[in-house]
Amino acid sequence: MFQPASRIANIASPATIAMAARARELKAEGKDIISLALGQPDFASPPQALEGAIEEVRAGHTGYPPIPGQKSLLEAVAHKFKRDNELDVSLSQLMVANGGKQIIFNAFMASIEQGDEVIVPSPYWVSYPLIAQMFGGKAVHVPCYEHNNFRLDPADLAKAITPKTRWIVLNFPNNPTGAILEKSDLEAIAEVIRKAPHVLVMSDEIYEHLTFDGKKHLSLAQVAPDLMDRILIVNGVSKAYAMTGWRVGFAAGPEKLIKAMIKVQGNVSSGICTLAQGGACAALNGNLTEVEAMRNVYEKRRNRAVEFLRAIDGVSCAMPQGAFYAYPGFAAIMNKRTASGRLVTNDVELAEALLEEQHLATVPGSAFGLGPHLRLSFAASEQQLSEAYERLKRFVESFS
Ligand code: GLU
């Protein structure tokens, strides 16, 4: 009888993926499901990305690629860091992997010893603590508060650092709250990091192009270039270019760390699909016109989402400043009953009831470290979003 290894026996599957899979199953059964569970852009990938992939096939690039990535893609990534973040990185400081997730996996596997602490400000994307735990790491959460627009307070961060801290994970624009960090926040955080020379920083900037209200993303490395030898920047083409299925993530970091990460990947999966590399290369070498057009649409959807959610009695909603998720709170309807008499005491039960009673899939906030919230992606068509919000309103208003 199979028993999972202790290394993973107590590790949960990511709630984002679990909810999306559940929605897919119910849809296959013929149920009229709307899923706002996954951060999955509803746009097509840019035409130049498609061409780039086809070009790889035509050129006969169908053999094993180099493990860190094809030179042409690494050059495109270096160009991206220069263009978007004013950073000069050499190719030996870069690698590509199967999505940002594998970059995180590589980095944690390459660096975490049993009992090491990984500071993950909360709310957080589900996978940072889960991947850290796979390698014996212990997630230490630093709460970011709604009244502070979910920004990370540098003083709270400083208090969480111990001699056992191995990593600090920063993810701004944030999934799930949409919080961003201003230059002054980054400067104060850099000061904290300077005082802890044993700590590495993972800065996940996958949503960098999706910021609203005229705000522009700043990378920690841009504000504190002196810390570049301890910062690993995680990024990828998934969110900005609507290329989630291509699975192309990349990282820039200290050469020694990147080398160790390449060793991990060489033992796990080798270099990533050449077609995907060609597509990502073309996307990164293109201009940001399509990205900006999508960003504009997301901003309009964000405005509508927040306006709609705030108008529902019993729902509170902060204004996301980036990414494409709304993160409404439902404290006012906890310990009440749905129209069918079902008692809801937390956000997991809330998400379940919403899925079963209104066929709307979301992710419970507790999976991201803060309930009773739900995460609703607004990377979905306007028509789906309108119908989803109507369902949510009907559902919440039925509580008594
Ligand atoms: N980042 C996406 C999300 O949060 C994808 C989910 C995942 O890969 O776990 O929905």
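Note that the coordinates shown come from a computational prediction; the quantities given were computed from them, not determined experimentally.
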For this session: For F212, enumerate each residue passing the ring pair (Phe, Tyr, Trp, His ring centres under 6.0 Å) test, keeping only those at least two apart in sequence or located in another chain.
Result: none
Exercise. Would V169 and L152 show up in the same hydrophobic cluster when neighbours are defined by side-chain heavy atoms closer than 4.5 Å?
Worked result: no
Problem set entry | Ring centers of H373, F330 separated by less than 6.0 Å | no
Exercise. Looking only at side chains, do Y145 and D153 share a donor and an acceptor under 3.5 Å apart?
Worked result: no
Problem set entry | Any residue meeting side-chain hydrogen bond (donor to acceptor under 3.5 Å, both in side chains) with Y389, in chain and number order, not counting sequence neighbours | none
Exercise. For the hydrophobic clusters of this structure (ILVMFWY residues joined by side-chain heavy atoms under 4.5 Å, transitively), does one cluster hold both I262 and F250?
Worked result: no
Exercise. Quick one: side-chain contact (heavy atoms from CB on, under 4.5 Å) partners of L257, sequence neighbours excluded?
Worked result: W167, L232, P254, M261
Problem set entry | Evaluation steps, side chain to side chain contact (heavy atoms under 4.5 Å, CB included), between F308 and E390 | CA-CA 9 Å; F308 198 99; E390 285 305 333; 3.7 Å; yes
Exercise. Any luck finding a side-chain donor-acceptor pair between H209 and D84 under 3.5 Å?
Worked result: yes
Exercise. Side chains of S219 and E208: is there a donor and an acceptor less than 3.5 Å apart?
Worked result: no
Exercise. Under 3.5 Å, is there a donor-acceptor pair between the S203 and E205 side chains?
Worked result: yes
Exercise. Do S386 and R304 meet the criterion of a side-chain donor-acceptor pair at a distance under 3.5 Å?
Worked result: yes
Exercise. With distance as the sole criterion, is a donor-acceptor pair present between the side chains of Q40 and T244 under 3.5 Å?
Worked result: yes
Exercise. So is R375 actually on top of Y327's ring, under 6.0 Å and inside 45° of the axis?
Worked result: no
Exercise. Charged N to carboxylate O below 4.0 Å: is that the case for E86 and K82?
Worked result: no
Exercise. Going by atom types only, do T345 and N335 share a side-chain donor-acceptor pair under 3.5 Å?
Worked result: no
For this session: Determine whether the side chains of N285 and K80 contain a donor N or O and an acceptor N or O closer than 3.5 Å.
Result: no
Exercise. Is there any side-chain hydrogen bond (donor to acceptor under 3.5 Å, both in side chains) pair reaching into residues 5-14, and which pairs are they, with sequence neighbours excluded?
Worked result: none
Problem set entry | Transitive ILVMFWY side-chain link Y325 to F150, under 4.5 Å | no
Exercise. Are Y124 and L181 linked, directly or through other ILVMFWY residues, by side chains that come within less than 4.5 angstrom of each other?
Worked result: no
For this session: Go through the side-chain N and O atoms of Y207 and Y298 and say whether any donor and acceptor fall under 3.5 Å apart.
Result: no
For this session: Any salt bridge (charged side-chain N to carboxylate O under 4.0 Å, His left out) involving residues 13-25? Give me the pairs, sequence neighbours left out, ordered by first then second residue.
Result: R22-E356
For this session: Can you sort out the partners of A97 under side-chain contact (heavy atoms from CB on, under 4.5 Å), two or more places apart, ordered by chain and number?
Result: Q102, I103, N106, Q265
